[in-house]
Every structure is written in structure tokens, then in C-alpha cells.
Amino acid sequence: MRGFTRRDFFGGCAGAGCAFAIGGSLGGLALFPSRLARAGETPRPHPARFWKKLPNKRVQCQLCPKQCLVEDRERGFCGVRENRGGEYFTLVWGQPCAVHVDPIEKKPLFHFLPGSRAYSLATAGCNLECKCCQNWDISQSRPEEVDWQWMPPEEVARRARAEGACVTFTYSEPIVFLEYCIDTAVAAHKLGVRTTMVTGGSGEAEPMKEACKVLDAVKIDLKGFTEDYYRKLCKGKLAPVLKTIETVHESGVWLELVHLCIPGANDSEPEVRDMCRWVKSHLGAEVPLHFTRFSPQYQMKNVPPTPFETLIRCREIALGEGLHYVYTGNVPGIEGEHTYCPRCHKVVVARHGFHVESVDLKNGHCAFCGQSIPGIWS
Amino acid sequence: MGSLAAVATGCSSSCGSTRLAGNSASGTPASAIAPNGPAQPSKPRVVVVRAKQALTHGYDADRGALRAMLGAGLAALAGTGDGVAGLRRYFRSGQTVGLKVNGLAGRNAATHVELVDELSALLRQMDIGGHQQVVFDRFASDLTASGFALNERGDAYRCTGNDALGYEEEPTVMPSTASRLARVLTERADAVLNLPVLKQHMLSGMSGALKNQFGCIHNPNKMHLDKCDPYIAEVNALPAIRQKQRLIVMDALRPVVDNGPSYQPNMAEVANALLFAVDPVAVDVVGLELLEELRRKHSLPSLAKVDLTPTHIQTSARMGLGVGDRGAIDVISIEV
């Protein structure tokens, strides 16, 4: 028997929103500590969607832009979808490895039911490999390497309703367990439970459109604004992420964006300005944009945390470019965590960290001047 | 550049050998340093041993032929009188030796069990007992599908998947990526005997000694981008792999020449060859030559023509992991 390890200690509460650094940490309650979970158990295959057959028992995954060509008995880049004799299976459907109840502000979703709770879950696997990933020990693992619990969609929906929470797919990369997300969202809606997703956005358009039919809100990490950044630091591409952002926005699902500011990597003024201009021109001024603080993780332990000044400067750039709802994250107690009315400039949602201190909205309008504030407020 | 066929031409006599010396040595891998004898020559040596009757029924290998091949190959590689003496140049009594096989594609395209059995017997003859030999690959299921019997007793040798012992807690960070290393490698094995299978690989171009080390990490799926380059080289540069790898015996008895690494019945070509080396780059250079030769027999285009040049080999050479210049490799060809 192996010894008690750091992994055992963190166990089921491993993970923490690859999307952002501190704010994504799993500080909540692990609903199934690793001791009770099924460490090392063989995952259960479930038929995958979004793929096509090729000759010689090969398949091509069409879930994400990697478009992995997968040999028989092999898996794609994400490590959770496997070719078995020319048929493709997901190995994480119904098998979350982290489940927590978080404040919705932790996602962060600031314009979606402030002060509410999110029944948050993740499976193993990711279709990126971000050098700064905070949840690498689940996102960069295969299903066999994590503790997981059998939890079919209906069970997730029941538990979320019992918690009075929405369901949030988060921590690792929900796109790689999209079949589970979609089926769970359908089950949740049947019980009147809303569903949200926290994603890196590296997905193909058709699967994302399918998902948007059953999601209520999506937060997408816009990790950088150059192809070079995505290639070198994430093993991904920027263009598909931008396409996903547009797809989600056009679908009408509530959308918020997060940019994790990494010193020297993606925090230059030109890059941030270009990104803000793209957001304004392609999505409009009302999509919330969060600049969050990086803390050293995984392959980037040699990079210092983001200075507060950088976050403040990024926010000023975004506001200067005409975006209405710009936030700073992972730094409690500064003005960038409140929601301001763009007309009267008064605070309409006051926050401290993940705690909502006050909400001055009436039917989605500023309580002081009547300005409409976009979001899902009730 | 001399072709492998040309080298083999002069080797018709039993156990006769022909040496084709290269022009210059451009480096010696760390693994070439023998623990129990003189260092390898400055020119890395690759010994190619063929036996016409090495395979009996398509897949199954003839143990007698394998014994002869191992004896001749190890002796020629180490410059010793016999195979056991050859092994003593690379391993010490009392060491635990990890035998890294390739079991990915099932019995028809895996490292031959018979080959492992015969090598294991030689190791036991040099007082490395069965309990000190660990045959391993990524998954226990792959090993059993390849004909190996999982066991921890070690009567002949132990056999275990990485999934049984697991991986290190913390990732080892490389320039382009990060991985958790298999505990078999880091905690059990003092030295590694690499037993790759020569195969065409649809992602990396070729699977050989260098690519086989992907079986020591938890996330090879993250390294299939860009023809696995530079990931294969970076994994091989990890001290735990580079410093422990002592010897390579490449199974080229029946390489998969196209549509690999899966087994393809019509693309498995009998070559009846084993390649011996301590330099993982050099043996892949020679293995690639053999693979291209077999592809030509199948009227297949060169890997370069289908944009599948295994660039990881020369990347590994540039990183100092071995010699990539074919002219600088001392190739000895033997027929038994």
C-alpha cells in the first residue's frame, strides 16, 4: 500500500479552476474525500459524441480544435477519450473527481445570481496544458489517476437542488467532458436547476452550440491575446477560443471573460488593449471582463505573482476602451471587485472577495438611476 | 551514407560480422558509461543481429534463435566473449533492472515475450535475480494483452504496469512541458534495459528507443503535438531516464512499417532482426534506416515524403543525447 501523500491529503478537493489562480482554489468542502472515493478504479466507458470513424479502426475526435487522430487503444490529447476497436468513448461521463459547493463569485460570474451558490464539479483531463495551471493534478491526469465517484447526471441535479445551488462545470476543462455536461444540464433543468460552465473555450463550434442550448451562463478564459502565447504556454490556439467566445455570445447564453495576468507573459499594454478592443468590437461593451491575479503554479513557479498595479492598469485600459463592466480578481478589498452603474457610477453590487455585501438592483436596473444592468439577476 | 542493406551484404557466415565505421564521433550519451567495465568507444556502436529463423509462426519467436542472437549481439556490442559477459558491462549484480518493454499494440506488435524471457535468463546468470528484474510498461492491461504475466513474485522476473505502482506526486518540469515519472523508474529500478519495438508511428514518424520512453511518464498524450518533437527528446533528457538507461535491445523481428503504432496485419514485415546499442539516438538512426528499407519493400514512400520524418531523432542528437550522424555510428552487422 502506498503511503499517505500530498495527493491523498488534498484528494477530492484537488483542483482549483485552471481558469484563474487564487480565486479558483478549491477552498470549499470536498463532498467525497479521497478516502471514500475510488482511487485508481478503472473508469467506465460511455459512448462519446462529436467524432468520426476513419479507416484502420482510427477515429478523429471533433470535440475540440486539436482534432486528434486516435489509434485503436489510444486516447486523444485530453487523455479522457479513448478509441476502442474503432469506437470512441468518453471515460469520464458520470465520474467527477472534484465536487464542491462554491460561491458563484468564485467562478467568477459577477452578473449571474450574485450571492448564490454553485454546485461545482470536474472530471480529469484537459485539452490544453497551461504552464500556469492551478489544477494540473486533475487537469493533466487520466481518469485512472484521480479519485472519482460515480455520479450520473440525475444525481448531480438532485444534489445541486438540495444545496439550493446551480450546477457549474469547472476546475479542469468541461469541454473534454461535454457529453456529461450536456446530459447533466438537461437533468438539472428538469428540476429547475440552472447550469453554468467555466471553460478555456478551446472547443469546436458545433459541440459548443449544442452545449449552449442547455447552459445558462458561461465564463471563458481569454488567457492571452496572441497565438504565440497560446502555443507556448498552453499548447493551444487563440483563434478557436475567440470563435467559441463569439459562438457563446451569439447563442444568448450569459457570458463573462477572465484574463489571468501573468507578469511578462500576457500583461503588456498593447496586448491588453488589443484584447479589450476586440471584446468591444465583437461582443460589445457590456460583456464583463475580469483581470485576475496570477500566483506561481505548476510549471511557472519561477514567475512572481501579479503586482496589484498591473491589475489596476489593465482595468483602466479596459475602461478607457469603453468596456462597462471591468473587474479585478484575486485581490479582495479593492474597487475593481464591485459592479458600478455605467451611467450614475454608483456601486450596484458591492463585494469583498467572494462575499456579496449589497445588491442595489431592481429588476435588473440600477436602484439609483434606473439604468439597465445586463446579467441574470433572479 | 551507407545503407543497412549494404552493411549486411558482407555478413553471410554464421556469426560473421562486418563493421562500417563512421567518420567521426559527435558525442557519447551518458548512458554509454559502463558501470562495470570500460566506457564505450567514442563512436557509438549499433549491432544488428539477424537470424533467418527467428520467428516461427508469424509472431512467435524461436527461443534458440533468440539466445544465439542475444549472445552474439551483446558480445559484439560490449566487446566480450559472450552475452553474459556483455551484460556485465552494463549492469551490476545486486542492481534492480527495469526492463521497459512496449506493450501498447498487443501481442502482435509488442516486445516479444520470448525475447524478454531469454534476456531475463541472461540477467539471472549474472546474479540479477528474478525479483530484481521488473518488466514494465504503462498499463497492466497492455502487458497482459502482449502476453506477459503480471506478477510481483519475480520467479523469473516481476512484471507490473505503471498504473499499479503509480507516478511521482510532483511533476518534473521540462522546457516545453511537464510530466510525472513512473515510480517503477524512479523508485524501483537502478538501471533500465530499454526494449522498444521498431514501428512506424503516425504521429512521431517512428517509434524506437527514444519514443519508447514515453511509457515512463503519465501524460504522453500531451506530447503528441508537432510530431512529438521536442517532447521525446526532452523526456529522454530527464536525468532519471538518461542516467538509468544502460542498454537498448530493439525488437525488429517483425516491425510495423505503416499505419503504426497499432498492429496492422498487412503492414507487419518480418525482418528477423535485433538491434543492440547504448546510444538511443544512434540505434534509432539505424532503426530508421531499416524501417525505410522495409517500407520500400512494401512500395511505401519514404517517411519524409509523407511528412512523417521522425524529427525527434535529430532533435535528440542536438540536445546531446546521442549521435545522429549516421556516418559517425559504428554499425556491426551479424547473421546467426
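Letters go in sequence order (proteins before strands), and every chain restarts at 1. Just so we're clear, the structure is a prediction, and the values are computed from it rather than from any experiment.
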Given side chains that start at C-beta, do those of A:Gln299 and B:Pro175 come closer than 4.5 Å, heavy atoms only? no
Please determine whether side chain to side chain contact (heavy atoms under 4.5 Å, CB included) holds for the pair B:Lys222 and A:Phe77, giving the CA-CA distance in whole Å, both sets of side-chain angles, and the decisive distance to 0.1 Å. CA-CA 5 Å; B:Lys222 295 290 180 185; A:Phe77 183 90; 3.4 Å; yes
Atom CG of B:Asn219 and atom OG of A:Ser139: how far apart are they, to the nearest 0.5 Å? 10.0 Å
Given that the side chain runs from C-beta out, which part of B:Thr177 has a heavy atom under 4.5 Å from chain A: side chain, backbone, both or neither? both
Go through the atoms of A:Cys78 and report whether side chain, backbone, both or neither lie under 4.5 Å from a heavy atom of chain B. backbone
Kindly say whether A:Gln140 contributes a backbone atom to a donor-acceptor pair with the side chain of B:His218 at under 3.5 angstrom? yes
Spacing of B:Ser262 atom OG and A:Asn83 atom CG [to the nearest 0.5 Å]: 7.5 Å
Mind checking the CG-CD spacing from B:Asp163 to A:Glu145? Nearest 0.5 Å is all I need. 9.0 Å
Between A:Leu128 and chain B, which part of the residue has a heavy atom less than 4.5 Å away: side chain, backbone, both or neither? backbone
Looking at OH of B:Tyr263 and CG of A:Asn56, how far apart are the two atoms once the value is rounded to the nearest 0.5 Å? 12.5 Å
Given the options A:Arg58, A:Lys57, A:Lys131, which has more heavy-atom pairs under 4.5 Å with chain B than any of the others? A:Arg58
Where on B:Ala145 is there a heavy atom nearer than 4.5 Å to chain A: the side chain, the backbone, both, or neither? side chain
Minimum heavy-atom distance A:Trp136-B:Arg180, with the two atoms named: CZ3-CD, 3.5 Å
With chain A, the option among B:Arg138, B:Met223, B:His224 that has the most non-hydrogen atom pairs under 4.5 Å is B:Arg138
Least distance between heavy atoms, A:Arg142 atom then B:Phe139 atom: NH2-CZ, 3.0 Å
Under a 4.5 Å heavy-atom cut-off, does chain A meet the side chain of B:Pro220, its backbone, both or neither? neither
What distance do B:Asn221 atom CG and A:Arg81 atom CZ have between them, rounded to the nearest 0.5 Å? 13.0 Å
A:Arg73 and B:Asp142 ion-paired at < 4.0 Å: yes
Taking every non-hydrogen pair under 4.5 Å, which of A:Glu74, A:Lys301, A:Glu129, A:Lys232 racks up the most with chain B? A:Glu129
Any side-chain heavy atom of B:Leu203 within less than 4.5 Å of one from A:Glu71? no
